[in-house]
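Okay, so here's the structure we're looking at.
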Amino acid sequence: MVAALTSDTMPAVRGRLTPCAPLAPLVWFKAGGAAEWLFEPADVADLSAFLRNLDPAVPVLALGLGSNLIVRDGGVPGVVIRLGKPFARVEVLNATTLRCGAGASGILVSSTARDGGIAGVEFLRSIPGTVGGFVRMNGGAYGREVKDVLVEAEVVLRSGERRTLPASELGYTYRHSMLPEGAVVIAATFRGEPGEPAAIQAEMDRIAAARGASQPLRSKTGGSTFKNPDGHKAWALVDQAGCRGKRLGDAQVSDKHTNFLLNVGQATSADIEALGEEVRAAVKAHSGVTLEWEIQRVGVQA
Ligand SMILES: Cc1cc2nc3c(=O)[nH]c(=O)nc-3n(C[C@H](O)[C@H](O)[C@H](O)COP(=O)(O)OP(=O)(O)OC[C@H]3O[C@@H](n4cnc5c(N)ncnc54)[C@H](O)[C@@H]3O)c2cc1C
């Protein structure tokens, strides 16, 4: 049983703690309800102390840039934790290794690696999101994924305890990790190989151009909706099932990339999720394949 989460029962913090905080402006779909509480910690000690002192029954959810999330319209019970600037530092440790704060973006990681002459993390240039989201989701593109470059992740467990988890303990599979429930990633160490900054930049440019040509990057979307089933491309199954451009209210299957759902106006998260379920049913009926959601769906229905 969770006690009512009032300002009297919440632990004292040095960062920002906001009740009933709208999440739609913080996620790429620009849809969905509010967090019961939103916590933006001042630093790691603040985050640790907060989690240690918070009723263990209260659920917590870490939020990056919300680029892979449907936040349901009834909002997210418990506490949503968003890591801001204090967690966004990227440092070059040596000729091959970077330590990246979990709030850092893929662009910041790849450009710091380029400046430090570290090749191998160019792919992060093209994935919108933060290091925390990449570690949790095993983010990947253009033949590489986080598990290929991650040495270790620093986390704060739900108990408030700080731990360093080697990549081998994170149970990585395609777009999935076994990060412990309620754990918040605070930093990650990535290893690449020595490279020439100009060549690294050229690779980043190539990836960015390929991206722009194939994906609706300036839209309100959640990225790839479904995981690629073994031996199939999700986008092709969706296309073959006749769902290209399919609409439900203001939710739409992208014409440009059929594994992307879009909010083309004032779609609710219920519209977006229901359209996704219609697509799954159409694909099942057409090809017999059951698509699995890649987008994380969180919170409660309105
Ligand atoms: C246009 C577009 C293109 C995309 N292309 C790709 C692609 O090529 N490859 C790819 O892999 N993904 C892609 N995505 C999806 C998305 O960018 C990735 O899944 C990314 O890793 C999400 O990062 P985020 O920080 O925004 O996480 P969020 O979307 O905020 O959260 C995703 C999950 O990560 C968890 N999480 C976030 N931060 C933390 C943290 N600090 N600690 C613990 N858990 C955390 C959340 O709780 C949630 O479960 C794309 C998305 C868009 C919108």
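Ligands are counted one by one from 1 in listed order, and the atoms in each one are counted from 1 as well. By convention here, the first residue in the shown sequence is residue 1. What you are looking at is a predicted structure, and each value in this text was computed from that prediction instead of being measured.
Of the protein's non-hydrogen atoms, G133 CA, 3.7 Å is the one closest to atom 27 (O) of ligand 1. Looking only at protein heavy atoms, the nearest one to atom 45 (C) of ligand 1 is A62 CB, 3.6 Å. Protein heavy atom nearest atom 5 (N) of ligand 1, with residue, atom name and distance: R211 NH1, 3.1 Å. From the protein, the heavy atom lying nearest to atom 22 (C) of ligand 1 is S67 OG, 3.2 Å. Given atom 35 (C) of ligand 1, the protein heavy atom at minimum distance is R136 CG, 3.4 Å. Ranking the protein heavy atoms by distance from atom 11 (O) of ligand 1 puts G140 N, 2.9 Å first.
Heavy-atom distances between F260 and ligand 1 reach below 4.0 Å in at least one pair. Within the structure, ligand 1 lacks N138 among the residues with a heavy atom less than 4.0 angstrom away. Residue contacts with ligand 1 do not include E145, since none of its heavy atoms lies under 4.0 Å from the ligand.
When each atom of ligand 1 is checked for a heavy atom of T130 under 4.0 Å away, the hits are 23 (O), 24 (P), 25 (O). Heavy-atom proximity to G223, at under 4.0 Å, picks out these atoms of ligand 1: 2 (C), 50 (C), 51 (C), 52 (C), 53 (C). Interface atoms of ligand 1 facing L179, defined by a heavy-atom separation under 4.0 Å, are 43 (C). The ligand atoms of ligand 1 that sit less than 4.0 angstrom from a heavy atom of G66 are 26 (O), 28 (P), 29 (O), 30 (O). Heavy-atom contacts of L83 reach the following atoms of ligand 1: 41 (N) (cutoff under 4.0 Å). Each of the atoms 8 (O) of ligand 1 lies under 4.0 Å from some heavy atom of A141. Close contacts between ligand 1 and G129 involve ligand atoms 23 (O), 24 (P), 25 (O), 26 (O) [criterion: under 4.0 Å to a heavy atom]. With ligand atoms numbered from 1 in the order given, ligand 1 contributes 42 (N) to contacts under 4.0 Å with heavy atoms of V184.
Under 4.0 Å is where a charged nitrogen must lie from a carboxylate oxygen, and between E273 and R72 at least one such pair does.
Put simply, the side chain of R206 does not reach to within 4.5 Å of the side chain of E122, judged on heavy atoms.
With a heavy-atom cut-off of 4.0 Å, A183 touches ligand 1 through its backbone alone. Neither the backbone nor the side chain of R218 comes within contact range of ligand 1; no heavy atom lies under 4.0 Å. By the criterion of a heavy-atom distance under 4.0 Å, both the backbone and the side chain of F134 are placed next to ligand 1. Within the 4.0 Å heavy-atom criterion, the part of L61 lying near ligand 1 is the side chain and not the backbone.
Within the set V185, N259, N68, the minimum heavy-atom distance to atom 29 (O) of ligand 1 is found for N68.
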